[in-house]
Amino acid sequence: QVQLVESGGGLVQPGGSLTLSCAASRIIASNYNIGWYRQAPGKEREFVAVETTYGVTVYEDSVKGRFTISSDNAKNTVYLHMNSLKPEDTAVYYCRAEHMIFKTKYWGQGTQVTVSS
């Protein structure tokens, strides 16, 4: 079992920045792809960004150039750096770990990000 805990959410003004953290209960970087997803009210959960075990990063088009995913293997933590935030970025953000071979998925409980004046 892999446990994931998100943190760093909060209220930020449009154009502002925020960094989210996803801490894993054990070392998973060598076997799991770690990604970020978000779910806005009344909408389905959508993909935001992922960093694979090979170090390849992929971003959803709407956040490309504004968000950056990174990891700190020593801390077993993945980050989502968000810049130039827009009201439409408002959502609950979740991190997800997926085993690269067995495809087992683990989700965090989410952290709320609200972009508003």
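- Ser116 has its side chain out of reach of Pro87: every pair of non-hydrogen atoms, C-beta onward, lies at least 4.5 Å apart.
- The backbone N or O of Ala49 sits nowhere less than 3.5 Å from a side-chain atom of Glu60 that would complete a donor-acceptor pair.
- Other residues, nucleotides and ligands place more than 12 heavy atoms under 6.0 Å from the NZ atom of Lys103.
- In the displayed structure, Lys105 atom NZ is contacted under 6.0 Å by more than 12 heavy atoms of other residues, nucleotides or ligands.
- By the 4.5 Å heavy-atom criterion applied to side chains, Met82 and Leu20 are counted as neighbours.
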Check step by step if side chain to side chain contact (heavy atoms under 4.5 Å, CB included) holds for Leu85 and Phe67.
CA-CA 9 Å; Leu85 284 162; Phe67 291 10; 3.8 Å; yes
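- In this structure, Glu46 places its CD atom where more than 12 heavy-atom neighbours from other residues, nucleotides or ligands lie under 6.0 Å away.
- If you check the side chains of Glu51 and Ser71, you find a donor sitting under 3.5 Å from an acceptor.
- In the displayed structure, Glu44 atom CD is contacted under 6.0 Å by at most 12 heavy atoms of other residues, nucleotides or ligands.
- A 4.5 Å side-chain heavy-atom check between Trp36 and Cys22 finds at least one atom pair inside the cut-off.
- His99 places a side-chain heavy atom less than 4.5 Å from the side chain of Asn31.
- At least one side-chain heavy atom of Gln112 sits less than 4.5 Å from a side-chain heavy atom of Thr90.
- Between the Tyr59 side chain and the Ile69 main chain, a donor and an acceptor come within less than 3.5 Å of each other.
- In this structure, OH on Tyr32 lies 9.5 Å from CG on Leu4, to the nearest 0.5 angstrom.
- For the atom pair Tyr106 OH and Arg96 CZ, the distance stands at 12.5 Å (nearest 0.5 Å).
- Relative to the ring axis of Tyr94, Arg38 does not place its NZ or CZ within 45° and under 6.0 Å from the centre.
- Judged by distance alone, with hydrogens and angles left aside, the side-chain atoms of Glu6 form a donor-acceptor pair with the main-chain N or O of Gly110 at under 3.5 Å.
- Of all heavy-atom pairs between Thr77 and Ser21, the closest is CG2-CB, 4.2 Å.
- Within the 4.5 Å cutoff, no side-chain heavy atoms of Val78 are placed close to those of Cys95.
- Side chains of Leu18 and Val113 form a contact here, defined as non-hydrogen atoms less than 4.5 Å apart.
- Ser17 approaches Ser84 most closely through the heavy-atom pair OG-N, 4.4 Å.
- Listed here is the closest heavy atom pair of His81 and Ser70: NE2-OG, 2.9 Å.
- At least one side-chain heavy atom of Val48 sits less than 4.5 Å from a side-chain heavy atom of Leu80.
- Heavy atoms only, all atoms of each residue included: Asn33 and Thr52 are closest at OD1-CA, 3.1 Å.
- Comment: Lys86 does not engage Asp89 in a salt bridge, judged by the lack of any side-chain N to carboxylate O separation of less than 4.0 angstrom.
- Two different hydrophobic clusters hold Val56 and Tyr79 under the rule that ILVMFWY side chains link at heavy-atom gaps under 4.5 Å.
- Under the 6.0 Å cut-off for aromatic ring centres, Trp107 and Tyr37 qualify, their centroids lying closer than that.
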